[in-house]
Amino acid sequence: MWAEEREENFEPKIIAFICNWCTYAAADLAGVSRIQYLPNVRIIRVMCSGRVDPSFIVRAFLEGADGVLVSGCWPGDCHYVSGNEEAKRRMDFLEKILPMAGINPKRFKLQWVSASEGKAWAESVDSMVEQVKTAYIEDKKKLEGLKNIPAATA
Amino acid sequence: MDKKRMSGSVLVIGGGIAGMAASLDLADMGYKTYIIEKTPSIGGTMSQLDKTFPTLDCAMCTMAPRMVDISRHPNIEIIPYSVVEEVGGDIGNFNVKIRKMMSRVNDNCIGCGSCSEVCPVEVPNEYDESSGIRKAIYSPFPQAVPKRYVIDTEHCIRCYKCVEASEGKNCIDFSIKDEIIDLEVGAIIAVPGFDLWDPSLRPELGYGEYPNVLTGIEFERLINASGFTGGEIYRSDNEKTPKKIAFIQCVGSRDVKAGQPYCSRVCCMYAVKQCVLVKDHHPEIDCAIFYMDLRAFGKGQEEFYNRAKEEYGIRFIRGNPGEIYQAGTDLVVRFEDTTASEPKEEKFDMVILANAIKPKNEMLADMLGVELDEDGFVQEQENNPILTSRKGVYVAGVAQAPRDITDTVATASGAAALAAADLASVRGTQAKEKEFPPEFDVSGQEPRIGVFICHCGTNIAATVDVEEVRDYIKTLPDVVFCDDVMYACAEDSCTRIPEVIKEYKLNRFIVASCTPRTHEPLFRETCQGAGMNPYLFEFANIRENCSWVHHNYPKEATEKAKEIIRASVARARLLEPQQPGKIKVTQRAMVVGGGVSGMEAAYRIARLGFEVVLIEREKELGGLLRRMHHMFPDMDPKEILDEKISKIEGEGKIEVHLETKVEGLSGFVGNFDVKLSDGAETKVGAIVIAAGCDEWKPDIYGYGQKDVYTQLELQELIANDGLKDGETVVMIQCVGSREKESREYCSRVCCSEAIKNALDVRKNYPNSDIYILYRDIRTFAKGAEEMYRDAGLNRIHFIRYDIDVKRPNVDENNVVHIYDTLLQEDKEIKADKVILSSATVPGEGFEELSKMFTLPLGQDGFFLEAHLKLRPLDFTSDGFFLCGTAQSPKDYIDNMAQAAGVSARVGRLLAKKEMETEAAISVVKEELCIGCGRCTKVCPYGAATLVQRGFGVFKANVNSALCKGCGACAAECPTGAMEARHFNDEELYAVIDSILQEV
């Protein structure tokens, strides 16, 4: 399990799939305004959040990502009309099956950030880092709980 | 005018940002454009700036790509280090004599700089406002365009060391003399820029006497990372970082005695910006701004001012210092804090003077015979700031009045439009197409990747250890070439890219620097110059996504930069060439909004030779102008309206639809299909949003009570003689504007509007008592400050209030209660008429339009332009433009400038019959497609359809003209048949894997 492989006080690595028009612009704005945020995030730019195939997220978790953030334009603001709605539909579904695969859903987040929300982008990264750390503590506890179960059949 | 002899070329005199913007528009519209510049490089004042207010964009970062664009444009010829000697002829064919000053360096110069290194002569560097030094053979700054050295013959001692150092290149030639060249051009755009007033003419401020009293531009060079201290702020006498810095506003501006009665318009904001930049570097430095009225009137400026006050703790002191003297190492500022009525002294260790902007129009007057006003600025004609008294000669930027970059760029595009309209019949006669060498084939080749890692001055290098990153990237497989550069976007770097591509036989190229959103086109084109398909270029953003946002984590940022570039390398290996399609452009525009801005925009586009559909939702054209009776400074709106309407009718190319809205829009840039509510359907290539704003209906200060009016209602009242002589008229400013909770922005026009109306009341009702209750008087526009002074002389009483101290109040008897912050006392005024300077608010149609066209609105509710400084008239979405109050509140003259400007932006697009479409679109691998049709359901453009390939066999198909490359279909496809080109699954998996790879 993921929590087992991480040391205490680890710095989570977060992959962020963000759309070119809103969230990437917000990240640019955060940069231009020098709004500081945690360096844990790695941005992968796609043209639209609707391009984000759930398999990308699965791949990221498989390859060892601690968290995955998907971000695009607010509903109604999509540069491609409705790509973000498609993203929402897919991500809602993904969120449901993540626990089945043993992945704490707290390690995943879908967040709308518009082009004028540089600060919101920075905050969303920082809060994601926190959220993943919380997931770690939860999973660690779960793990210990599992270990403490008396081995009945042995 | 003899049409046969008209020249299809334009001369732009001045290579600052105005000249650059005008040239690019003209050249793209199909006119041969010459830029003549007195110094060795284009760039002007903006190239000296660190960041620009209020967005704090790095000035060089936004302008350098344009400088490179200019240097590469087939229709632009830069004539540097030259002056105009003589102008003859007339509109359509001016004959211009130009003196190329002897630079003693010829065309063989490659800008290597080895000559400068050995030159023993050190001269104060003009680029650093004489603070730093340069050599006698020099290039003015690192990003200079052209990157050609010149010898300053005045200081050269003829030691010929440079000639020795240039060994065999034959680039330095002391026999070169001044050269006279003759040009024939059809029109002239003069953008001479400005001078600054010498503050030593106010000796009490100690400029020139005390070394730590600097001017604003000198301080700009001091804090600039590219400046002579590398951005370190220290005092020149003891090299210590100052602890306290005073900024003094209105030094020579708003000062009749000094000779500049006008407001210089930019100083308040640049002082605020400089304070914020100081605080960013050194939060411990105390910054105080001494001001008379804080003029944060432009888009985003009030918000910026509030941030400076609240987040950065910058002190704003209302008072104009009378004296500065030195005591020990301190500078003592004597001033009166007007909100406490007491003289004070405070010690600082650095003082920055915001000295006045002065016109630099001698050449315009002497050589072009253009009429100037009494201050020496160009006398505008027909209330249009671009028109001069000489036909075929246009101005932009500060030539007509002080202006910030946003307004300068709008006037520059406007000047380009007006010049282009004169020469519409000869458009394209002297233009050339951009040509690239044939593309080399990369199929079947192993990847050979080249990487440039940019320092961006210190923007990246101060946080990220660029050398370490470079050394790491060099070790990655397939990376054949990797180097670090000071500025990847500067011309010298962009010249090197094709060279290294050839030298190392590269078939992929990566630049690791800033954001692809601004710089990708530049680098793609640069790669094309070497015959590389532009889609084989990959961008790694290590500035906005890394160095700028992780100041406090240099180690992590360096690691992150490595990973970002490593992921780019992984993707680059898989990149494939892409080819754009070609689509026809409908050479016709639609303007939405029939107010003055929309009418003017439509007229100007028509003058460029294109048909226009103008739609207005009301019964008649005119918009807000119809509710006005007298406009600042002294215009008759009825007259203007009649004239505009008759121009539109007379033009013949403009189709007007009244009481009409847009009901449906489909298509894309160059090919929009528009459905109008009157049943008409039409095809246009470009769409201009010129919808206007409204006056807010206040719900405060007793509005709704008898005798409480807005300024627009007052105009009506004056026109209908609705006042009585002897009444007390109390005007309240900033009603609903500059309020953090509702509308944080300044409505920009109300101060001038109120004062003009107050003077009208005074004229018609000489015995009235008139009060204007204000927070800051923001009379920045040409003639406005003079009018403000006039108001004082005409017994109009100004009372200052401060909402942070106490809000004024209008009770039910129309008694106005106000705390006068300058006399520090409460006052009550029984008003016969209360006039509210109500906020300018986004038009009620803005949201609907925003949804209809999927165009963004900013937080203030106005439309959001592509870039506040350099692209104020474009949307980020291709084919959409904006002007006038759709963008932010502004007065008639600024609206005219924007309307003319937007026509040039539209003209650039419509000038071509054909344009290229997106190359990175979706394609179907039919062998994998099962014909489920899910792609057709998610495609928002109807680009994906099912086609029958046999009996019961359906396959997906993508219409390349409609596909925009969003990739939603590829994510939806269950079999992987749909491939989103340039963002395909393999590339994205490679990126994910590379980021997460264990090292």
Side-chain angles (χ1 to χ4, degrees), chain A residues 11 13 15 17 19-22 24-25 27-57 59-60 62-65 73 76-87 89-90 114-118 121-122 125, chain B residues 51 55-58 61 280 514-518 539 541 543-553 555-557 559-560 563-564 567 850-851 854 856-859 864 876-877 920 938 940-941 964-973 980 982-983 985 988-989 991-993 995-998:
Chain A
E11 281 304 326
K13 190 182 261 188
I15 303 269
F17 295 95
C19 87
N20 180 61
W21 304 97
C22 289
Y24 201 90
D28 277 356
L29 183 60
V32 169
S33 326
R34 312 295 189 279
I35 301 170
Q36 301 296 303
Y37 56 87
L38 295 170
N40 306 48
V41 69
R42 301 288 177 271
I43 290 173
I44 298 179
R45 181 175 69 109
V46 286
M47 294 313 281
C48 178
S49 56
R51 172 69 190 98
V52 182
D53 190 322
S55 75
F56 299 165
I57 295 147
R59 177 84 160 218
L62 283 176
E63 293 296 323
C73 311
D77 283 351
C78 179
H79 185 80
Y80 302 103
V81 188
S82 55
N84 52 358
E85 291 165 26
E86 308 299 343
R89 176 171 56 80
R90 293 173 190 140
S114 82
S116 53
E117 294 177 322
W121 165 247
V125 170
Chain B
K51 309 278 176 353
T55 49
L56 295 185
D57 274 354
C58 152
C61 306
D280 268 342
C514 50
T515 170
R517 294 179 78 253
T518 56
F539 216 129
N541 182 347
R543 194 182 68 179
E544 280 84 348
N545 286 353
C546 189
S547 69
W548 272 356
V549 289
H550 305 320
H551 283 163
N552 306 324
Y553 298 93
K555 212 174 123 270
E556 287 84 351
E559 286 310 310
K560 181 173 174 176
E563 287 182 23
I564 291 172
S850 158
K851 286 213 171 70
T854 54
L857 296 173
Q859 268 166 354
L864 194 64
T876 38
S877 309
V938 298
Y941 305 106
K964 290 220 207 279
C966 70
C969 51
E972 191 69 16
C973 179
H982 202 57
F983 284 93
D985 290 357
L988 289 163
Y989 287 148
V991 169
I992 296 166
D993 294 355
I995 291 172
L996 296 165
Q997 151 196 340
E998 304 277 334

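Everything quoted here is computed from the prediction, not taken from an experiment. A, B, ... follow the sequence lines: proteins, then strands. Residue 1 opens every chain.
Of all heavy-atom pairs spanning B:Arg517 and A:Tyr24, the tightest one is CD-CD2, 3.5 Å. The two residues A:Ser82 and B:Val938 have their closest heavy-atom pair at OG-O, 4.5 Å. B:Glu556 and A:Pro39 get closest at one heavy-atom pair: CB-CG, 3.7 Å. The two residues A:Tyr80 and B:Cys966 make their nearest non-hydrogen contact at CG-CB, 3.2 Å. Heavy-atom minimum distance, B:Ala968 versus A:Arg90: O-NH2, 3.1 Å.
Each of A:Glu117, A:Glu63, A:Arg89 has some count of heavy-atom pairs under 4.5 Å with chain B, and the biggest count is that of A:Glu63. When each of A:Tyr37, A:Trp21, A:Phe17 is scored by its heavy-atom pairs under 4.5 Å with chain B, the top score falls to A:Tyr37. Ranked by heavy-atom pairs under 4.5 Å with chain B, the list A:Glu85, A:Glu86, A:His79, A:Arg42 is led by A:Arg42. Heavy-atom pairs under 4.5 Å with chain B peak, among A:Asp28, A:Ile35, A:Asn20, at A:Asp28. Across B:Thr515, B:Leu864, B:Thr854, the residue that shares the most heavy-atom pairs under 4.5 angstrom with chain A is B:Thr515. Chosen from B:Glu559, B:Arg543, B:Glu563, B:His982, the residue pairing most often with chain A at heavy-atom distances under 4.5 Å is B:Glu563.
For A:Val52, the part lying near chain B is the backbone, with the side chain staying farther off; criterion is any non-hydrogen pair under 4.5 Å. Neither the backbone nor the side chain of A:Asn40 has a heavy atom closer than 4.5 Å to any heavy atom of chain B. Using a 4.5 Å cut-off between heavy atoms, A:Ala25 contacts chain B through both its backbone and its side chain. Residue A:Leu38 touches chain B through both its backbone and its side chain, counting heavy-atom pairs closer than 4.5 Å. Residue contact with chain B, scored on non-hydrogen atoms closer than 4.5 Å, involves the backbone and the side chain of A:Arg45 alike. Heavy atoms of A:Val41 lying under 4.5 Å from chain B belong to its backbone as well as its side chain. Using a 4.5 Å cut-off between heavy atoms, A:Cys78 contacts chain B through its backbone alone, with no side-chain atom that close. Only the side chain of A:Ile44 comes within less than 4.5 Å of a heavy atom of chain B; its backbone N, CA, C and O stay farther away. Residue contact with chain B, scored on non-hydrogen atoms closer than 4.5 Å, is absent for A:Ser114. No part of B:Lys851 comes within reach of chain A, as not one of its non-hydrogen atoms sits under 4.5 angstrom from that chain.
A donor-acceptor distance shorter than 3.5 angstrom exists from the side chain of A:Lys13 to the backbone of B:Ile995, with no hydrogens or angles considered. Under the 3.5 Å distance criterion, the side-chain polar atoms of A:Arg59 are left unmatched by any main-chain donor or acceptor of B:Asp993. Of the possible donor and acceptor atoms, none in the side chain of B:His550 sits under 3.5 Å from a partner among the backbone N and O of A:Gln36. In this structure a side-chain-to-backbone donor-acceptor pair under 3.5 Å is present from A:Arg51 to B:Phe983.
Rounding to the nearest 0.5 angstrom, the gap separating the CG atom in A:Leu29 from the OG1 atom in B:Thr55 is 8.5 Å. Rounded to the nearest 0.5 Å, atoms CG (B:Leu56) and CZ (A:Arg34) are 7.0 Å apart.
Other residues, nucleotides and ligands contribute more than 12 heavy atoms inside 6.0 Å of the CD atom of B:Gln997.
For the pair B:Val991 and A:Phe56, the minimum side-chain heavy-atom distance is 4.5 Å or more.
Side chain to side chain, B:Tyr989 and A:Ser55 meet the donor-acceptor criterion of an N or O pair below 3.5 Å.
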### Task
Begin with the C-alpha distance, continue with both residues' side-chain angles, and end with the deciding distance and a verdict on side-chain contact (heavy atoms from CB on, under 4.5 Å) for A:Val46 and B:Leu988.
CA-CA 9 Å; A:Val46 286; B:Leu988 289 163; 4.2 Å; yes

